[in-house]
Amino acid sequence: MNKMAYQIMWSKKAADKIEKLDEDVKSRIMKRLDVAAENPFSYVTKLKGLDFYRLRVGNYRVIMRIEGSKMIIFIINVGYRSSVYKKY
């Protein structure tokens, strides 16, 4: 049985940030998101005190909101681990 994957949507901020990353890093993040879209809760960690999750890709983090009822992963921010959490 083939399960339907979650749709991935990007905030303008996250889309701008991923475009500025090195091609190798960008490729690794995109591949990891494709895998996570099948069953995101197996790959992400909930951020304490927030309705956001994080996906770890090496030293980079993808901050997201997951809307399970709509099958949507909304990417909020992408960045290096030391700076990606600053606004949360």
Side-chain angles (χ1 to χ4, degrees):
M1 186 170 143
N2 193 2
K3 287 175 34 177
M4 196 170 113
Y6 280 64
Q7 179 182 358
I8 297 174
M9 299 177 74
W10 294 80
S11 70
K12 171 121 177 61
K13 175 183 178 179
D16 290 346
K17 284 193 165 191
I18 198 158
E19 284 303 316
K20 293 177 184 173
L21 293 176
D22 178 69
E23 285 298 321
D24 178 52
V25 173
K26 188 186 335 183
S27 174
R28 286 182 22 231
I29 290 171
M30 297 306 286
K31 285 178 185 170
R32 184 85 170 160
L33 281 170
D34 283 345
V35 170
E38 294 297 321
N39 185 8
F41 296 104
S42 296
Y43 297 94
V44 300
T45 303
K46 185 157 182 0
L47 296 179
K48 290 182 180 171
L50 300 169
D51 279 336
F52 299 143
Y53 295 84
R54 74 151 167 88
L55 176 68
R56 182 175 167 251
V57 184
N59 286 328
Y60 288 84
R61 303 294 182 265
V62 180
I63 308 299
M64 63 186 70
R65 188 176 69 231
I66 300 175
E67 298 179 23
S69 61
K70 296 180 183 175
M71 302 280 293
I72 293 174
I73 297 172
F74 187 72
I75 309 298
I76 296 167
N77 199 1
V78 177
Y80 196 74
R81 66 184 181 160
S82 64
S83 61
V84 76
Y85 301 108
K86 296 275 192 254
K87 295 206 176 187
Y88 307 106

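All residue numbers refer to positions in the sequence shown, counting from 1.
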Report task. Starting from the C-alpha separation in whole Å, work towards a yes-or-no answer on side-chain contact (heavy atoms from CB on, under 4.5 Å) for Tyr60 and Leu21. Result -> CA-CA 10 Å; Tyr60 288 84; Leu21 293 176; 3.8 Å; yes

Query - Audit row: Trp10, Ile76, side-chain contact (heavy atoms from CB on, under 4.5 Å) steps and yes/no - result: CA-CA 7 Å; Trp10 294 80; Ile76 296 167; over 6 Å; no

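Here salt bridge (charged side-chain N to carboxylate O under 4.0 Å, His left out) pairs that include residues 55-78, with residues two or more places apart or in two chains, are Arg65-Glu67, Glu67-Lys70.
Panel note: side chain Ser11, backbone Ile75; a donor-acceptor pair is recorded below 3.5 Å.
In Lys46, the NZ atom is crowded: over 12 heavy atoms of neighbouring residues, nucleotides or ligands sit closer than 6.0 Å.
Between Tyr53 and Ile73, every side-chain heavy-atom pair lies at or beyond the 4.5 Å cut-off. With a 4.5 Å cut-off on side-chain heavy atoms, Lys20 and Ile18 do not count as touching. Taking the side chain as every heavy atom from C-beta outward, Arg32 and Tyr43 approach each other to under 4.5 Å. In this structure, Val44 and Arg54 have side chains that are not in contact, with every pair of non-hydrogen atoms separated by 4.5 Å or more.
Under the 4.0 Å criterion applied to side-chain N and carboxylate O atoms, Lys26 and Asp22 are not assigned as salt-bridge partners.
Of all non-hydrogen atoms in Glu38 and Ala5, the two that sit nearest each other are OE2-CB, 3.4 Å. Closest of all the heavy-atom pairs between Tyr6 and Ile72 is CD2-N, 3.5 Å. Residue Arg28 comes nearest to Val57 through the heavy atom pair NH2-O, 3.9 Å, listed as atom of the first residue, atom of the second, then distance.
Across Asn77, Val78, Leu50, a single residue satisfies side chain to side chain contact (heavy atoms under 4.5 Å, CB included) together with Ile63, and that is Asn77.
A distance of 3.5 Å separates NZ in Lys12 from CG in Asp16, rounded to the nearest 0.5 Å.
One side chain, Asn39 or Ser42, offers a donor N or O that lies under 3.5 Å from an acceptor on the other.
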